[in-house]
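Counting starts at 1 for both ligands and their atoms, following the listed order.
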Amino acid sequence: MNFIKVDSYEKLSNMAANIIADVVKNKENAVLGLATGSSPLGTYARLIEKYNAGELDFKNVTSVNLDEYVGLDGSNDQSYRYFMNKNLFKHINIDINKTFVPSGCTDDLKSEGEAYDKMIEDLGGIDIQLLGIGLDGHIGFNEPDEFFTKETHVVKLDDSTIEANSRFFASKDDVPREAITMGMYSIMQAKKVLLIANGKNKKEIVKKAFFGPITPYVPASILQLHKDVTVIYSEN
Ligand code: GLP
């Protein structure tokens, strides 16, 4: 594991964007695994700057996102599809038809999960997976549990996650109780994993996840078994 500590969110974002940019430049038809949350916002802003400067071309890039709230469609401004369009896709030349976010709005979420995993497999897997980390150690929406779940699946969100994410909603009651998330198989099969975390409140969970025991009660800890993982942490 490559654990990098930096002293500002700006440095974290620059470094993360450079790592993703290298994949886009060097891999033909790169498949980017993307994340939502506040952590990647700076990284996406840097990628947009690089695109505007003519350094990056996303024409042949495909993206697969980690997760989506159950019950929110892409027109809902709290959905992760909306977030991705707003904060990245509409500013770069990626083909929107090659941007994938699991749907939390179908009648059959189990089939949606199976189709999502098959689609990732058919793409040849993910070249680089960007991740944030929840305060309880979740990645995507893989919440602490007795076991790791392999496939894309529906999860009940932990109260701490609902509480943490309520800052984006009008009230805590408006936060969906369930989400659909990529499971550990596709994440662990990614050729590279890049996890970014910032803020003093993430210090403890980052320590547990990367320097503590590997346990499904701290989902991100499974990444210690990945052969190419970079963690960038900034306390500020
Ligand atoms: C959400 C997302 C995660 C994200 C986490 C942390 O719950 N599903 O993918 O990593 O929040 O978010 P933030 O970066 O805002 O702390």
Heavy-atom side-chain proximity of Met182 to Ile187 below 4.5 angstrom: yes
Beyond-backbone contact of His91 with Leu47, side-chain heavy atoms, under 4.5 angstrom: no
Residue that, paired with [X], satisfies side-chain contact (heavy atoms from CB on, under 4.5 Å) out of [options]:
| X | options | value |
| --- | --- | --- |
| Ile232 | Asn2, Leu12, Asn198 | Leu12 |
| Tyr217 | Glu146, Glu143, Lys208 | Glu146 |
| Phe100 | Thr62, Leu34, Asn65 | Thr62 |

Whether Gly140 lies under 4.0 Å from ligand 1, heavy atom: yes
Within-shell test, Glu143 vs ligand 1, heavy atom, strictly < 4.0 Å: no
Give the atom numbers and elements of ligand 1 that come within less than 4.0 Å of a heavy atom of [X].
| X | answer |
| --- | --- |
| Gly132 | 10 (O) |
| Phe141 | 7 (O), 8 (N) |
| Ser39 | 13 (P), 14 (O), 16 (O) |

Can you tell me which residue and heavy atom of the protein come closest to [atom], and the distance to 0.1 Å?
| atom | value |
| --- | --- |
| atom 1 (C) of ligand 1 | Tyr80 OH, 3.6 Å |
| atom 8 (N) of ligand 1 | Asp67 OD2, 2.8 Å |
| atom 6 (C) of ligand 1 | Ile133 O, 3.6 Å |
| atom 5 (C) of ligand 1 | His138 NE2, 3.6 Å |
| atom 16 (O) of ligand 1 | Lys202 NZ, 2.6 Å |
| atom 12 (O) of ligand 1 | Gly37 CA, 3.9 Å |

Nitrogen or oxygen atoms of Thr161 and ligand 1 under 3.5 Å apart: no
Polar atom proximity, Thr36 to ligand 1 (N or O, under 3.5 Å): no
Test of ring centre spacing under 6.0 Å for Phe168 and Phe83: no
Region of Met182 engaging ligand 1 - heavy atom pairs below 4.0 Å: neither
Contact partition for Thr181 relative to ligand 1, non-hydrogen atoms under 4.0 Å: neither
Side-chain donor or acceptor of Glu151 paired with backbone N/O of Tyr185 under 3.5 Å: no
Does the side chain of [X] come under 3.5 Å of the side chain of [Y] through a donor N or O and an acceptor N or O?
| X | Y | answer |
| --- | --- | --- |
| Asp108 | Ser111 | yes |
| Asn236 | Ser8 | no |
| Asn165 | Tyr69 | yes |

